[in-house]
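Written below as structure tokens is the structure these notes are about.
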Protein chains: 2
Amino acid sequence: MLISELAELTGVSARALRHYEDCGLLTPARSGSGYRVYTESDVTRVAQIRTMISAGLGTSAIRRYLDCVRTGDHGTFLEMCPDLRAELDSLARRLDARQAELREKRSRLDRLTSAG
Amino acid sequence: MLISELAELTGVSARALRHYEDCGLLTPARSGSGYRVYTESDVTRVAQIRTMISAGLGTSAIRRYLDCVRTGDHGTFLEMCPDLRAELDSLARRLDARQAELREKRSRLDRLTSAG
DNA sequence: GTAAGGGTTCACGCCGGCGTGAAGGTCAAG
DNA sequence: CTTGACCTTCACGCCGGCGTGAACCCTTAC
Ligand SMILES: [Zn+2]
Ligand SMILES: [Zn+2]
Ligand SMILES: [Zn+2]
Ligand SMILES: [Zn+2]
């Protein structure tokens, strides 16, 4: 399928799909005229990518994640690369930190609005 | 006082103080040689600015806030400009939205890490 | 004189997923 | 042939408080 069809199937913009290729998350084949040609398995793959992006992962982490999954050199998903596991943990900590920071902001804003 | 002294008194970098002037939050006098000359009241003012920035306010909102306070055309702080009050409310809503979004990210990340 | 330690303005970089053109090729349909 | 809907690559913009130079002036101390 071509890019617009994959875009419609996944609900992801064509620009985003091209961006995912730039980041190494997708490697579609090319037709004779240079058009990107996707497989049906790319639909699943894009869904996975969207899930991870919505979890806060950056494209580089996603790429390593997908590579780790594809090569399967670490068995199950639970046995991830140590550095990948460490990155996920550090991301969790950063999310917690940002959450606490947001709570602080929110309370400070309340104090500003009420006490002026 | 000169900029480095105000920076040391407030714990804010000289670059940030110049930035605040660019945004209209500070209007220091100038010496004959062009140096910024600050008043002691600027120490309090910078503290107010830092409080509002740590509450998530942008410089433009802070400027309108300070203008509203300085002109005093709306009485007490509790009687703020309607649009300023609206902006603070919308900021609160955005903070809540980002907080919910972060919670979602966090739970999705947990699901990723555990269920793979 | 000169070196050091202030000060000044100007301006790019960051962080990153993606929007949004611009300029141009491909391919169907009328 | 021409229109139009696709596709391509290249590249800047966003969001914003501030770091971080570069290039240059003022003042004091030696
Ligand atoms: Zn691996
Ligand atoms: Zn007012
Ligand atoms: Zn970037
Ligand atoms: Zn900006």
Side-chain angles (χ1 to χ4, degrees), chain A residues 1-38 42 46 48-66 87 90-91 94-95 97-98 101-102 105 108, chain B residues 1-38 42 46 48-66 87 90-91 94-95 97-98 101-102 105 108:
Chain A
M1 68 182 74
L2 294 187
I3 195 171
S4 68
E5 189 175 356
L6 182 60
E8 193 172 4
L9 279 181
T10 59
V12 175
S13 73
R15 176 64 177 95
L17 295 177
R18 280 178 261 235
H19 178 60
Y20 296 159
E21 183 180 4
D22 289 342
C23 299
L25 306 184
L26 293 174
T27 15
R30 295 299 181 120
S31 76
S33 56
Y35 289 11
R36 272 168 258 253
V37 179
Y38 295 94
D42 284 327
V46 169
Q48 291 177 6
I49 294 174
R50 285 307 314 173
T51 298
M52 305 176 82
I53 282 188
S54 70
L57 288 178
T59 55
S60 66
I62 296 179
R63 190 159 78 96
R64 281 185 290 166
Y65 191 99
L66 291 178
E87 182 153 348
S90 90
L91 173 60
R94 284 191 300 173
L95 286 183
R98 281 200 58 77
E101 186 183 348
L102 266 187
K105 270 185 203 277
R108 279 196 272 255
Chain B
M1 67 181 73
L2 295 187
I3 196 171
S4 66
E5 188 174 358
L6 181 60
E8 193 172 3
L9 280 181
T10 59
V12 175
S13 73
R15 175 65 178 95
L17 294 177
R18 279 180 263 241
H19 178 60
Y20 296 158
E21 184 180 4
D22 289 341
C23 299
L25 306 184
L26 293 174
T27 16
R30 296 299 180 120
S31 75
S33 57
Y35 289 13
R36 273 168 256 253
V37 178
Y38 295 94
D42 284 327
V46 169
Q48 291 178 7
I49 295 174
R50 287 305 315 175
T51 299
M52 306 175 82
I53 284 188
S54 69
L57 287 178
T59 55
S60 66
I62 296 179
R63 191 159 76 95
R64 282 185 288 167
Y65 191 101
L66 291 178
E87 183 154 346
S90 88
L91 173 61
R94 286 191 298 174
L95 285 183
R98 283 199 58 76
E101 187 183 347
L102 266 186
K105 271 185 203 277
R108 278 196 272 255

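Scope of the values below: all heavy atoms of this structure, side chains included, with no hydrogens, waters or symmetry mates. Chain letters run A, B, ... following the sequence lines, proteins first, then strands; residues in each count from 1.
Rounded to an integer number of Å, the gap from CG of Leu6(B) to P of dT8(C) is 11 Å.
Annotation: side chain to side chain contact (heavy atoms under 4.5 Å, CB included) contacts of Glu8(A) (sequence neighbours excluded): none. With sequence neighbours excluded, the residues that form a side chain to side chain contact (heavy atoms under 4.5 Å, CB included) with Arg50(A) are Val12(A), Tyr20(A), Val46(A), Ile53(A). Legend: residues meeting salt bridge (Lys or Arg N to Asp or Glu O under 4.0 Å) with Glu21(A), ordered by chain and number and at least two apart, are Arg30(A), Arg36(A). For Ser4(B), the side-chain hydrogen bond (donor to acceptor under 3.5 Å, both in side chains) criterion is met by no residue, not counting sequence neighbours. Considering only residues two or more places apart in sequence or on other chains, Ser90(B) meets the side chain to side chain contact (heavy atoms under 4.5 Å, CB included) condition with Arg93(B). The salt bridge (Lys or Arg N to Asp or Glu O under 4.0 Å) search around Arg18(B) returns none, not counting sequence neighbours. In this view, Ser31(B) and Ser33(B), Tyr35(B), Val37(B) satisfy the side chain to side chain contact (heavy atoms under 4.5 Å, CB included) rule, not counting sequence neighbours.
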Checklist outcome for this item: Per-nucleotide protein contact along nucleotides 6-22 of chain D, 5' to 3', at a 4.0 Å heavy-atom cut-off (B base, S sugar-phosphate only, - neither), is BSBB-B-----BBBB--
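Helix-axis bend for the helix from dG1(C)-dC30(D) to dG30(C)-dC1(D): the local axis fitted to the five terminal pairs at one end deviates from that at the other end by 40°, rounded to 10°.
Two residues are said to be in side-chain contact when any heavy atoms from C-beta on lie closer than 4.5 Å; Leu91(A) and Arg94(A) meet this criterion.
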